[in-house]
> 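Submitted below is the structure of interest, expressed as structure tokens.
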Amino acid sequence: MGKVHEGNSDAKEKKTEFSLVRVKSTWKSKLGKINKDAVDCVSAAKIYESITDRGTSWTVVSPITFTYKVTETYGLLDPTNDTLLLGHITDPQQLEDIKTSNKPIRRFVVIDQEVFQIYGAKLTEYLEANDVVYKILALPTTEENKSMETALKILDDVNNFALDRRTEPIIAIGGGVCLDIVGLAASLYRRRTPYIRVPTTLLSYIDASVGAKTGVNFANCKNKLGAYIPPAAAFLDLSFIQTVPRRHISNGLAEMLKMALMKHRGLFELLEEHGCMLLDTKFQVDNTLYGHSSIKAASQSTRIAITTMLEELAPNLWEDDLNRLVDFGHLISPALEMKVLPSLLHGEAVNIDMSYMVYVSHESGLLTEEEKQRIISCMVGLELPVWHEEFTMELIQKSLQDRLKHSGGLVRMPLPAGLGQADIFNNTSFDILHRAYIKWSEELSVSSDSTCDV
């Protein structure tokens with residue numbers, strides 16, 4: 001065996017900090033104070049040079065800033081509403097140049113095929129009324145085909161369209177699966193092409209559309225391939241939700257309930273009181289039984305859900321901090337969802353996970369019996385499943401072991417500690433997990449179905 005020689009810890013090291021400035025077309029490294037009048041631009045990036053007798057190393061610190069808009073609008077496909085085409089532009093001069101240019105706007109649109117059946121004619125009419133040169137690609141975007149093959153199919157068509165990656169963002173219209181796949185495809189095309197998200201389900205409205213994650217399933221694991229590339233903009237129009245089946249409204253309410261339990265007691269109480277109305281009205285104006293209160297509850301609940309989600313995501317877009325409250329309901333549910341695919345929707349699997357974790361919180365002394373019962377009753381009122389026969393202790397243990405591997409050796413378990421309050425826990429014992437599982441199964445398995453009607 002070769003002998004390992006320890007380095008000389010007394011080796012002298014010379015460290016130098018360089019700023020980066022641009023003069024005409026050339027970037028140069030500069031020492032000391034910069035005369036800003038003598039340069040065109042000063043970068044926020046720095047280069048740190050370290051020289052020892054063993055050689056030179058350079059450390060690059062390059063701050064990266066992403067700016068993206070999340071905009072609620074109405075009548076997104078109204079030909080007089082230019083939000084879909086121009087709403088992502090933040091530079092007033094660029095916006096003016098586009099509006100006064102004779103060059104036609106070009107857009108590549110990927111849309112879920114079921115959404116296309118409902119809105120395809122209206123989308124086509126919108127694009128043609130605004131003289132857009134366009135290509136519409138309608139695809140089946142479900143968990144079963146959330147794959148690299150689908151992403152590559154999109155990329156083939158994008159490439160044939162000869163997209164200008166600087167000025168022609170790809171538009172994704174559909175549920176969370178569609179938005180995730182298109183986002184990944186856009187991040188791969190010429191290393192990063194801007195894209196726009198238009199959610200058409202409640203789940204994607206409050207979850208997938210407002211963050212930076214993109215991805216596809218791989219090796220029978222949910223979202224194992226992906227990137228953190230936020231959209232240029234997300235345009236949210238609640239009118240799309242009116243054509244969503246009732247089960248999918250419940251599906252979205254699960255993610256809304258997640259944010260309520262983690263961060264906002266007021267949102268929990270709103271869902272507790274008005275959940276049935278939101279299901280009945282599909283978050284639309286209702287002039288019959290519920291009147292004006294329906295749209296008020298809809299706007300309040302979606303605004304709070306989005307605001308609390310952005311509060312958690314914006315400071316941690318790349319998940320550098322692995323302690324994430326938004327992971328509540330996502331410790332066991334990915335494995336459950338993939339195991340029983342396609343019988344459970346994403347939000348349903350998440351809610352089953354949350355339901356079990358509520359029992360873990362209760363066994364840990366974080367929730368009272370009354371709080372536990374209120375949460376479970378709220379879930380049932382939102383027509384969400386609270387138990388599943390495939391959610392076993394074996395699945396729980398395997399999922400938590402896998403989480404240890406990918407979360408820096410800690411389980412980082414978000415748990416509710418009261419209504420609208422939460423914390424991250426790393427030392428929940430097997431005894432607590434097992435006692436919670438026994439009570440959860442005894443109390444909820446009798447009245448729960450293991451599958452949901454499509």
Side-chain angles (χ1 to χ4, degrees), residues 2 4-70 88-98 155 158-159 162-170 183-196 210-215 225-234 310-324 406-409:
V4 177
H5 297 276
E6 292 188 4
N8 180 4
S9 59
D10 297 327
K12 292 183 179 180
E13 182 179 12
K14 180 184 176 183
K15 293 182 178 180
T16 310
E17 175 183 327
F18 292 97
S19 297
L20 293 158
V21 301
R22 187 171 63 198
V23 180
K24 295 184 179 179
S25 298
T26 304
W27 285 100
K28 296 179 178 291
S29 54
K30 293 289 185 182
L31 282 167
K33 190 175 181 180
I34 305 298
N35 179 4
K36 293 185 178 181
D37 294 332
V39 300
D40 298 326
C41 179
V42 180
S43 173
K46 301 279 188 182
I47 296 177
Y48 297 88
E49 183 183 78
S50 176
I51 302 175
T52 69
D53 57 5
R54 293 187 295 274
T56 303
S57 69
W58 295 266
T59 301
V60 177
V61 178
S62 183
I64 298 174
T65 300
F66 276 104
T67 300
Y68 67 101
K69 298 172 68 175
V70 178
H88 65 288
I89 299 171
T90 56
D91 180 359
Q93 186 57 56
Q94 182 186 2
L95 185 60
E96 181 62 26
D97 290 345
I98 291 173
L155 290 169
V158 166
N159 193 53
L163 195 76
D164 181 341
R165 78 174 186 92
R166 295 289 185 181
T167 62
E168 297 171 2
I170 300 169
L184 179 61
S187 73
L188 293 172
Y189 190 68
R190 296 188 177 274
R191 295 188 175 91
R192 184 167 67 88
T193 295
Y195 68 101
I196 289 168
V210 300
K213 285 184 178 180
T214 70
L225 301 180
Y228 296 103
I229 302 292
L310 287 173
E311 285 173 347
E312 293 298 311
L313 298 182
N316 194 27
L317 275 182
W318 282 265
E319 297 184 8
D320 296 315
D321 183 358
L322 296 175
N323 290 330
R324 305 173 68 247
H406 305 298
S407 297

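Note that the coordinates shown come from a computational prediction; the quantities given were computed from them, not determined experimentally. Hydrogens, waters and symmetry mates play no part in the numbers below; they use all other heavy atoms, side chains included.
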> Nearest 0.5 angstrom please: T167 OG1 to I98 CD1, how far?
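Taking OG1 in T167 and CD1 in I98, the distance rounds to 7.0 Å.
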> Distance from K69 atom NZ to I196 atom CD1, nearest 0.5 Å?
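If I round to the nearest 0.5 Å, the distance is 10.0 Å.
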> Looking at every heavy atom in both I89 and Q94, which two are closest together, and how far apart are they?
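Minimum heavy-atom separation between I89 and Q94: CG2-OE1, 3.7 Å.
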> Rounded to the nearest 0.5 Å, what separation is found between the CG atom of L313 and the CH2 atom of W318?
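Answer for the CG-CH2 pair, L313 versus W318, is 12.0 Å.
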> By side-chain hydrogen bond (donor to acceptor under 3.5 Å, both in side chains), which residues pair with D40, not counting sequence neighbours?
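Testing D40 for side-chain hydrogen bond (donor to acceptor under 3.5 Å, both in side chains), a comparison that skips the adjacent residues, returns none.
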> Report the distance from atom CD of E13 to atom OG of S57, rounding to the nearest 0.5 Å.
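Reported to 0.5 Å precision, the distance equals 7.0 Å.
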> Could you report the tightest heavy-atom contact between D321 and N316, atom names first, then the distance?
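Taking every non-hydrogen atom into account, O-ND2, 2.8 Å.
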> Are the side chains of D53 and K12 in touch, meaning some heavy atoms are under 4.5 Å apart?
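Side chain of D53 against side chain of K12, heavy atoms only: no contact under 4.5 Å found.
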> Looking only at non-hydrogen atoms, find the nearest pair between P231 and Y68 and report the distance.
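Shortest heavy-atom contact: O-CB, 2.8 Å.
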> Quick one: pull up CG in L184 and CG in L155 and give me the separation to the nearest 0.5 Å.
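Answer rounded to 0.5 Å: 8.0 Å.
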> Examine distances only and state if a side-chain atom of T193 and a backbone atom of R165 form a donor-acceptor pair shorter than 3.5 Å.
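The answer is no, because no donor-acceptor pair under 3.5 Å joins these two groups.
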> Should L317 and Y228 count as side-chain neighbours, where that means a heavy-atom distance under 4.5 Å?
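A side-chain contact is absent here, since even the closest heavy-atom pair is not under 4.5 Å.
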> So do the side chains of H88 and P169 get within less than 4.5 Å of each other, counting heavy atoms only?
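Answer yes - side chains close enough.
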> Would you tabulate the side-chain donor-acceptor contacts of residues 17-34 under 3.5 Å, counting partners in other chains and residues two or more places apart, or write 'none'?
residue, atom, partner, partner atom, Å
E17, OE2, K46, NZ, 3.4
S19, OG, K46, NZ, 3.0

> Tell me every residue that passes side-chain hydrogen bond (donor to acceptor under 3.5 Å, both in side chains) with Y48, counting only those two or more places apart in sequence or in another chain.
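None.
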> Drop me the distance from E49's CD to T59's OG1, to the nearest 0.5 angstrom.
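Atom-to-atom, E49:CD and T59:OG1 are 10.5 Å apart.
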> Any sub-3.5 Å donor-acceptor pair from N35's side-chain atoms to V39's backbone N or O?
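Checking the backbone N and O of V39 against the side chain of N35, no donor-acceptor pair under 3.5 Å is found.
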> Measure from the side-chain N and O atoms of Y189 to the backbone N and O of P194, and report whether any donor-acceptor pair falls under 3.5 Å.
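No; zero donor-acceptor contacts below 3.5 Å.
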